[in-house]
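Taking it in order: structure first as structure tokens, then the write-up.
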Amino acid sequence: MSDYRRITIASAGQHTGEPVEIAGWLYNLRKSGKIIFPIIRDGSGTIQCVGVKAQLPEDVFEALKNLTQESSVIIRGKMRAEARAQGGYEMDIEGAEIVQRVSEEHPYPITPKEHGVEFLFDQRHLHLRSRRQHAILKIRHEIIKAVRDYFDSNGFTLVDCPIFTPAACEGTTTLFEVDYFEDEKVYLTQSGQLYNEATAAAFGKTYCFGPTFRAEKSKTRRHLTEFWMVEPEMAYADLEDVKRVAEELIVFMVGRVLENRKTELATLERDITKLEAIKSPFPRISYDEAVEILKRKGSEIEWGGDFGGTDETLLSEEFDRPVMVDRYPAAVKAFYFQPAPERPEVALGVDVLASEGYGEVIGGGQRVHDYDLLVQRIKDHNLPPEAFQWYLDLRRFGSVPHGGFGMGIERAVSWICGLEHIRETIAFPRMLYRTRP
RNA sequence: UCCUCAGUAGCUCAAUGGUAGAGCAUUCGGCUGUUAACCGAAGGGUUGUAGGUUCGAGUCCUACCUGAGGAGCCA
């Protein structure tokens with residue numbers, strides 16, 4: 001058996017004519033009396049193999065012919081270019097070793113036919129093996145790698161933030177509470193931003209990347225209760241710097257996916273031209289202009305209100321690439337946003353709305369750097385000042401203008417993949433009514 | 001939390017208030033180029049739960065459970 005070199009299916013084209021073996025699982029099997037066509041997947045791809053009865057030992061042929069879906073198997077043989085095959089290559093079987101046969105008493109539940117959402121997500125641990133889910137998670141991986149490469153090569157230092165946090169920003173109604181030993185309660189983080197402001201003053205440019213938890217009873221195709229967010233923060237930066245970095249990041253990320261994940265995008269039947277349009281510069285409009293556009297398009301929005309999901313969709317329809325909306329009314333934004341100097345009723349915040357109606361993927365802006373103003377803001381929002389002493393310290397000891405943003409990874413994946421629902425963008429989604437498997 | 005819709009075989013779905021069915025999956029048989037292969041046969045059911053209306057309920061009514069879509073809130 002040592003004559004056969006182990007290869008991945010993805011590299012099949014580099015090994016035509018060589019004796020090789022692939023180790024994987026039976027994805028599907030078509031058979032026709034004296035010839036069988038097992039399709040094998042190994043995590044790197046799928047390939048159709050061909051077994052001819054006359055050219056194989058009787059026991060090997062029979063074992064393969066009666067193999068059940070998702071049984072693990074090692075196939076040995078030779079790779080061959082084949083125009084008729086999907087992917088362009090086919091493997092002629094010379095031998096096989098069945099590692100574990102799925103029993104017919106408990107067959108693999110996910111058949112090649114259609115299934116409902118509830119069933120598939122109950123079987124999520126197996127669902128991940130299917131072509132479509134595999135493609136999505138490969139693209140997710142590519143996006144995360146691109147995000148990290150972007151920040152790492154632009155002078156940012158990764159400094160991760162705590163998951164357990166004391167009750168702090170934006171009230172406790174959307175926080176998951178956790179018992180922390182005897183008498184103390186802590187909460188699962190909603191954002192690393194406040195901590196990022198501390199690390200930015202230590203490192204200049206930082207980012208954190210980790211899970212985030214929101215106990216919102218949101219039941220829509222855009223929400224998870226546990227999701228991953230990347231949050232950069234920069235010292236000596238203003239709103240324009242934040243917008244520039246957000247735009248560069250998105251362009252870089254989309255470019256990487258187009259460059260390295262064409263196959264996966266094709267599996268998802270993604271319209272590539274929509275992604276190719278995502279180039280600098282992005283349109284930039286103010287909140288005031290956004291409200292005008294929305295009113296013209298029939299929305300009932302009034303100045304001072306936040307955008308609803310349909311408003312975001314209406315806005316993004318106006319553009320072929322993401323649109324940056326800045327200078328929101330201060331009242332709808334969090335306490336830490338810096339007010340516009342010439343017009344304090346608006347905050348120096350920016351949201352990036354993805355194209356094709358996917359809504360907000362990035363939210364951020366410039367933070368309050370003045371001590372007295374921040375104290376006032378904390379009071380105005382009825383927050384307990386004692387909880388923010390360390391945060392106020394940052395305005396005592398060398399305060400500088402600074403800012404950053406957060407990007408939800410799953411929303412970015414959903415948008416780039418062109419998905420209907422965010423639940424497919426993470427291996428094991430946590431939603432309002434789903435915590436299993 | 002609110003609004004709308006849906007729960008029937010392992011899965012996807014049919015079934016005027018009148019004997020619960022098909023395709024896929026599984027098993028058996030056939031087929032040397034199949035592409036969600038195909039052809040023949042078999043097994044597989046407390047119709048989400050609890051009440052009610054009716055001679056008779058998968059079907060009509062009530063409550064509950066589970067799920068889906070949407071709203072609000074957000075990334």
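Residue numbering restarts at 1 for every chain, and letters A, B, ... go by the order of the sequence lines. What you are looking at is a predicted structure, and each value in this text was computed from that prediction instead of being measured.
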Roughly how many Å is it from [atom1] in [X] to [atom2] in [N], rounded to a whole number?
X        : N      : atom1 : atom2 : value
A:Arg221 : B:rG67 : CZ    : P     : 19 Å
A:Ile110 : B:rG10 : CD1   : P     : 16 Å
A:Phe213 : B:rC73 : CZ    : C1'   : 19 Å
A:Phe307 : B:rG72 : CZ    : P     : 13 Å
A:Ile143 : B:rA75 : CD1   : P     : 19 Å
A:Lys65  : B:rU32 : NZ    : C1'   : 11 Å
A:Asn66  : B:rU26 : CG    : P     : 11 Å

Of all the choices, [options], which nucleotide is nearest to the side chain of [X] once you look at every atom?
X        : options                : result
A:Val117 : B:rA68, B:rA71, B:rA37 : B:rA68
A:Thr310 : B:rA75, B:rA71, B:rU27 : B:rA71
A:Met229 : B:rG67, B:rA75, B:rC73 : B:rA75
A:Thr220 : B:rC31, B:rA75, B:rG72 : B:rG72
A:Glu216 : B:rG33, B:rC74, B:rC24 : B:rC74
A:Thr68  : B:rU27, B:rC74, B:rA36 : B:rU27
A:Arg222 : B:rC74, B:rU35, B:rG67 : B:rC74
A:Lys34  : B:rC31, B:rC74, B:rG70 : B:rC31
A:Thr111 : B:rG33, B:rA75, B:rG10 : B:rG10
A:Ser32  : B:rU32, B:rU34, B:rU27 : B:rU32

Should the pair [X] and [Y] be assigned to parallel (<30°), tilted (30 to 60°) or perpendicular (>60°) ring geometry?
X        : Y        : value
A:Tyr287 : A:Trp303 : perpendicular
A:Phe176 : A:Phe213 : perpendicular
A:Phe151 : A:Phe405 : tilted
A:Phe335 : A:Phe388 : perpendicular

Reckon [X] has a side-chain N or O less than 4.0 Å from the OP1 or OP2 of [N]?
X        : N      : answer
A:His421 : B:rG69 : yes
A:Asn28  : B:rA37 : yes
A:Arg30  : B:rA37 : yes

Taking the [atom1] atom in each of [N] and [M], what is the distance between them to the nearest angstrom?
N      : M      : atom1 : result
B:rA25 : B:rA36 : C1'   : 12 Å
B:rA37 : B:rC73 : C1'   : 50 Å
B:rA14 : B:rG45 : C1'   : 15 Å
B:rU47 : B:rG30 : C1'   : 36 Å
B:rG23 : B:rU19 : C1'   : 23 Å
B:rC13 : B:rG72 : C1'   : 34 Å
B:rU34 : B:rG58 : C1'   : 40 Å
B:rG10 : B:rG51 : C1'   : 30 Å

- prompt: Is a salt bridge present between A:Asp149 and A:Arg256, judged by a nitrogen-to-oxygen distance below 4.0 Å?
  reply: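 The answer is yes: the pair qualifies as a salt bridge.
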
- prompt: Salt bridge or not for A:Glu226 and A:Arg214, using N-O below 4.0 Å?
  reply: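 Salt bridge: no.
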
Considering Watson-Crick and G-U wobble pairs with both distances under 3.5 Å, what does [N] pair with?
N      : answer
B:rU19 : none
B:rA6  : B:rU66
B:rU26 : B:rA42

If you look at every strand shown and take non-hydrogen atoms under 4.0 Å, does [X] touch a base, only sugar-phosphate, or nothing?
X        : result
A:His223 : base
A:Gln69  : nothing
A:Gly359 : nothing
A:Glu226 : nothing
A:Phe119 : sugar-phosphate
A:Arg423 : sugar-phosphate
A:Ile362 : sugar-phosphate
A:Asp351 : nothing
A:Lys31  : base

message: Keeping A:Lys205 on the side-chain end and A:Thr157 on the backbone end, is there a donor-acceptor pair under 3.5 Å?
response: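 Not confirmed, A:Lys205 side chain does not pair with A:Thr157 backbone.
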
message: Both A:Glu90 and A:Gly406 contact RNA chain B. Taking the nearest nucleotide for each, which residue is further toward the 5' end?
response: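 Whichever sits nearer the 5' end wins; that is A:Glu90.
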
message: If you assign each of A:Arg214 and A:Glu420 to its closest nucleotide in RNA chain B, which residue comes earlier from the 5' end?
response: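 Whichever sits nearer the 5' end wins; that is A:Glu420.
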
query: Do A:Tyr150 and A:Tyr207 have ring centres separated by under 6.0 Å?
result: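 Ring centroids of A:Tyr150 and A:Tyr207 are no less than 6.0 Å from each other.
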
query: Pick from A:Arg221, A:Arg222, A:Arg132: which one makes a salt bridge (Lys or Arg N to Asp or Glu O under 4.0 Å) with A:Glu420?
result: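 When salt bridge (Lys or Arg N to Asp or Glu O under 4.0 Å) is applied between A:Glu420 and each of A:Arg221, A:Arg222, A:Arg132, only A:Arg221 qualifies.
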
- prompt: Between A:His223 and A:Met431, what is the shortest heavy-atom contact and its length?
  reply: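 Result for this residue pair: O-CG, 4.1 Å.
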
statement: Per-nucleotide protein contact along nucleotides 1-9 of chain B, 5' to 3', at a 4.0 Å heavy-atom cut-off (B base, S sugar-phosphate only, - neither), is B--------

- request: Please report the C-alpha distance between A:Thr46 and A:Ile40 in whole Å, then the side-chain angles of each, then the deciding distance to 0.1 Å, and finally whether the side-chain contact (heavy atoms from CB on, under 4.5 Å) criterion is met.
  value: CA-CA 5 Å; A:Thr46 59; A:Ile40 305 294; over 6 Å; no

query: Does A:Phe37 lie flat on the base of B:rG33, that is, centres under 5.5 Å apart and planes under 30° off?
result: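 No; centroid distance or tilt outside limits.
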
